[in-house]
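Because only heavy atoms are used, hydrogens play no part in the values below, and waters and symmetry mates are left out as well, while side chains stay in. Note that ligands are numbered from 1 as they come in the structure, with each ligand's atoms numbered from 1 the same way.
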Amino acid sequence: MTSSVLVLGAGMVGTCTAIHLAQRGHQVVLADRRAPGEETSYGNAGLIQQEAVEPYAFPREAAKLLRAAFKRGLDVNYHAAALPGLAGPLARYWQASGPAHYPAIAQAYARLIAQAIPEHAPLIAAAGAEDLVQRTGYRWVFRETATMDEALARAERLHSAYGVRHVAMDAGALAAAEPALKARLAGAIHWPDPWAVRDPGALVARYAAHFTQLGGRIVKADAGTLRENGAGWSLQSADGPLEAEHAVIALGPWADTLLRPLGYRLPLFVKRGYHRHYTGGPVPTMPWLDADRGLVVAPMQRGVRLTTGAEFAARDAAATPWQLAGAEAAARELLDLPQPVEATPWRGARPCTADMLPVVGAAPRHRGLWFNFGHAHQGFTLGPACGRLLAELIDGQPPMVDPAPYAPARF
Ligand SMILES: Cc1cc2nc3c(=O)[nH]c(=O)nc-3n(C[C@H](O)[C@H](O)[C@H](O)COP(=O)(O)OP(=O)(O)OC[C@H]3O[C@@H](n4cnc5c(N)ncnc54)[C@H](O)[C@@H]3O)c2cc1C
């Protein structure tokens with residue numbers, strides 16, 4: 001039976017949810033205060049990460065913890081003022097990253113990641129977005145032999161456990177394959193199967209245009225006007241009041257703002273990140289992760305995009321882009337980056353959960369309310385798979401994967 005659905009949030013996750021619901025014949029309105037794909041789903045590194053089968057665990061090795069605590073690397077920053085508020089979710093993140101819980105979490109994560117490329121592929125084709133996608137994989141480049149050896153051992157483990165493919169490259173092979181690289185490095189791991197998107201926000205916009213071709217409607221609205229209304233939900237939009245039987249919260253890092261007035265206290269937090277584009281220099285053949293410095297360099301339509309690691313801070317606290325300043329200096333050791341495009345760096349926030357798994361499924365205490373958020377480091381990758389999963393749950397179809405590990409009721 002078809003029904004009416006309001007999807008709140010037109011990032012990668014909400015847009016894909018809306019498409020899958022529209023494909024199943026539901027009447028769908030996709031609501032956002034901005035145009036589709038202008039927030040976190042715009043600012044990421046653009047990788048559809050088929051290799052990211054295990055989520056980012058809280059580091060447990062003393063050396064890594066001390067490095068983060070003393071801000072010795074570029075990969076992690078934190079605001080001391082935010083730590084009291086983060087203590088609860090971070091304690092649960094630490095616990096979930098331990099040997100008692102992490103293996104099952106990684107298995108559940110890998111089951112979703114396995115669907116990422118199979119679910120993006122038909123959407124890219126239907127949305128006419130082939131021009132935005134490069135299918136040559138990406139590389140982790142290493143300055144130090146020791147870190148490369150450690151990463152290679154992990155890559156081999158991921159191959160035997162999950163079938164993830166990689167190619168080890170020595171210094172000479174990397175130099176030959178990547179003429180833009182101006183330093184001789186220890187080598188690289190090439191992950192051949194991930195896809196790289198040249199303009200992540202544009203891909204979401206194309207998906208959103210495809211959604212309207214399927215009969216969906218896009219409106220400007222403030223999600224904060226969502227109200228329970230008899231048997232359904234209402235929303236005030238720029239086009240007037242809207243009503244529907246179901247509402248989906250797909251607000252990425254803003255989900256918590258809407259959940260709290262509804263009485264939900266989920267262990268959510270954000271890891272902020274920054275980017276900036278540069279033009280005028282050589283363009284890498286594909287994205288790289290500088291594994292020893294924790295930054296990603298990605299060739300994009302606006303220029304070479306430099307993205308940073310995790311900043312533990314309140315979502316809306318003032319920007320403190322020292323990681324980007326450090327990343328820029330580190331990246332310039334490898335690549336000429338003559339002109340920054342933006343006067344100030346872009347800032348966004350990865351929407352994280354304490355157990356590293358996204359929240360996909362029925363709201364525990366409200367009829368007709370559904371959640372799809374908390375995709376952390378891989379929401380751009382996972383949008384289509386999680387959009388399909390939630391549409392199947394709303395539709396009452398057999399789900400593509402066992403939904404229990406992602407159910408909101410687990411918290
Ligand atoms: C630096 C960085 C690099 C990353 N790199 C990658 C990568 O390479 N690959 C990958 O898979 N993932 C990556 N990620 C993570 C990925 O970007 C996110 O997980 C993903 O974009 C989340 O998508 P979303 O749709 O949940 O959220 P969003 O894209 O943020 O969408 C949420 C939407 O909600 C809307 N909204 C919020 N509040 C309201 C309101 N009150 N009313 C109406 N609308 C509202 C916003 O306007 C927004 O459009 C990266 C993230 C960062 C920060």
Side-chain angles (χ1 to χ4, degrees), residues 6-18 30-52 55-56 75 112-113 116-117 120 138 194-197 200-201 203-205 207-208 218-226 235-238 248-259 261 268 270-276 287 289 294-296 298 300 305-311 315-316 321 323-324 327 345-353 358-360 371-387 390:
L6 291 167
V7 178
L8 307 179
M12 181 56 96
V13 174
T15 302
C16 293
T17 307
L30 178 59
D32 201 298
R33 59 188 174 195
R34 301 186 63 167
E38 291 194 345
E39 290 280 4
T40 331
S41 298
Y42 155 73
N44 55 69
L47 294 167
I48 299 178
Q49 288 186 265
Q50 180 270 358
E51 92 298 348
Y56 278 94
D75 45 346
L112 286 180
I113 290 284
I117 283 188
H120 267 287
Y138 83 113
W195 292 355
V197 176
L203 185 65
V204 179
Y207 284 3
I218 298 176
V219 298
K220 285 263 164 65
D222 178 356
T225 63
L226 183 76
L235 184 75
Q236 302 306 315
S237 81
V248 175
I249 298 181
L251 294 168
W254 291 274
D256 214 27
T257 308
L258 201 69
L259 293 175
L268 306 177
V270 298
K271 293 182 193 171
R272 306 199 311 178
Y274 299 85
H275 87 218
R276 199 179 223 171
L289 166 73
L295 57 102
V296 173
M300 295 247 173
R305 180 180 288 189
L306 196 58
T307 57
T308 63
E311 183 177 67
R315 186 192 60 208
D316 300 328
Q323 282 167 297
L324 189 81
W346 174 89
R347 170 171 59 81
R350 301 171 181 89
C352 300
T353 64
V359 183
V360 187
F371 296 165
N372 201 354
F373 52 77
H375 301 78
H377 291 258
Q378 272 91 37
F380 187 70
T381 299
L382 290 174
C386 290
L390 188 67

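- Checking Thr307 against Arg276 by side-chain atom types alone, no donor-acceptor pair falls below 3.5 Å.
- From the protein, the heavy atom lying nearest to atom 48 (C) of ligand 1 is Asp32 OD2, 3.3 Å.
- Between Gln49 and Phe380, the closest side-chain pair of non-hydrogen atoms is not below 4.5 Å.
- For atom 5 (N) of ligand 1, the closest heavy atom belonging to the protein is Ala45 N, 3.0 Å.
- Here the closest non-hydrogen pair linking Cys386 and Leu112 is SG-CD1, 3.9 Å.
- For the pair Thr15 and Pro36, the tightest heavy-atom approach, listed with the atom from each and the gap, is OG1-CB, 4.5 Å.
- Of all atoms in ligand 1, listed by their number and element, those nearer than 4.0 Å to a heavy atom of Gln49 are 7 (C), 9 (N).
- Checking only distances, Arg34 never comes within under 3.5 Å of ligand 1, N or O to N or O.
- Here's the thing with Thr307: none of its N/O atoms is less than 3.5 angstrom from an N/O atom of ligand 1.
- Across all their heavy atoms, Gly11 and Asp32 have their closest contact at N-OD2, 4.3 Å.
- Inclusion of Phe380 in the set of residues having an N or O under 3.5 Å from an N or O of ligand 1 is warranted.
- Listed by number with element, the atoms of ligand 1 under 4.0 angstrom from any heavy atom of Glu39 are 30 (O), 46 (C), 47 (O), 48 (C), 49 (O).
- Checking only distances, Leu47 does come within under 3.5 Å of ligand 1, N or O to N or O.
- For the pair Thr40/Pro253, a side-chain contact is recorded, criterion being any heavy-atom separation below 4.5 Å from C-beta on.
- With contacts defined as side-chain heavy-atom distances shorter than 4.5 Å, the pair Leu268/Pro351 does not qualify.
- Residues Leu251 and Phe373 form no side-chain contact, since every pair of their non-hydrogen atoms from C-beta on lies 4.5 Å or further apart.
- Considering backbone and side-chain atoms together, Met12 places an N or O closer than 3.5 Å to an N or O of ligand 1.
- The shortest N or O to N or O distance between His377 and ligand 1 is below 3.5 Å.
- Here the heavy atom of the protein found nearest to atom 41 (N) of ligand 1 is Asp222 OD1, 3.1 Å.
- With a 4.5 Å cut-off on side-chain heavy atoms, Lys271 and Tyr56 count as touching.
- Contact atoms of ligand 1 toward Thr381: 9 (N), 10 (C), 11 (O) (distance under 4.0 Å to a heavy atom of the residue).
- Residue contacts with ligand 1 for Trp254 involve side-chain atoms from C-beta outward but no N, CA, C or O (heavy atoms, distance under 4.0 Å).
- For the pair Arg305 and Tyr42, the distance from NZ or CZ to the six-membered ring centre is under 6.0 Å and the angle to the ring normal is within 45 degrees.
- Side-chain contact check for Leu47 versus Val197: every heavy-atom pair is 4.5 Å or farther apart.
- Listed by number with element, the atoms of ligand 1 under 4.0 angstrom from any heavy atom of Gly9 are 33 (C), 34 (O).
- Here the closest non-hydrogen pair linking Met12 and Gly383 is CG-CA, 3.9 Å.
- Looking from atom 25 (O) of ligand 1 to the surrounding protein, the closest heavy atom is Val13 N, 3.1 Å.
- When only non-hydrogen protein atoms are considered, atom 36 (N) of ligand 1 lies nearest to Leu251 CD2, 3.6 Å.
- Two residues are said to be in side-chain contact when any heavy atoms from C-beta on lie closer than 4.5 Å; Leu306 and Leu295 meet this criterion.
- Heavy-atom proximity to Pro351, at under 4.0 Å, picks out these atoms of ligand 1: 19 (O).
- Closest to atom 6 (C) of ligand 1, if we only count protein heavy atoms, is Asn44 CB, 3.4 Å.
- In this structure, His275 falls outside the shell of residues with a heavy atom less than 4.0 angstrom from ligand 1.
- Counting only heavy atoms of the protein, atom 1 (C) of ligand 1 lies nearest to Arg350 NH2, 3.5 Å.
- Backbone and side-chain nitrogen or oxygen atoms of Gly379 are examined, and one is located within less than 3.5 angstrom of a nitrogen or oxygen of ligand 1.
- Between Arg34 and Glu39 there is a salt bridge, with a side-chain nitrogen of the basic residue lying less than 4.0 Å from a carboxylate oxygen of the acidic one.
- Of all protein heavy atoms, the one lying nearest to atom 18 (C) of ligand 1 is Ala376 O, 3.7 Å.
- A heavy-atom separation below 4.0 Å is found between Ala221 and ligand 1.
- For the pair Val13/His375, a side-chain contact is recorded, criterion being any heavy-atom separation below 4.5 Å from C-beta on.
- For the pair Ser41 and ligand 1, the shortest N or O to N or O distance falls below 3.5 Å.
- Here Pro253 has side-chain heavy atoms under 4.0 Å from ligand 1, and that is the only part of it that gets that close.
- Comparing heavy-atom distances from atom 27 (O) of ligand 1 across Gly387, Gly252, Gly46, Ala223 singles out Gly252 as nearest.
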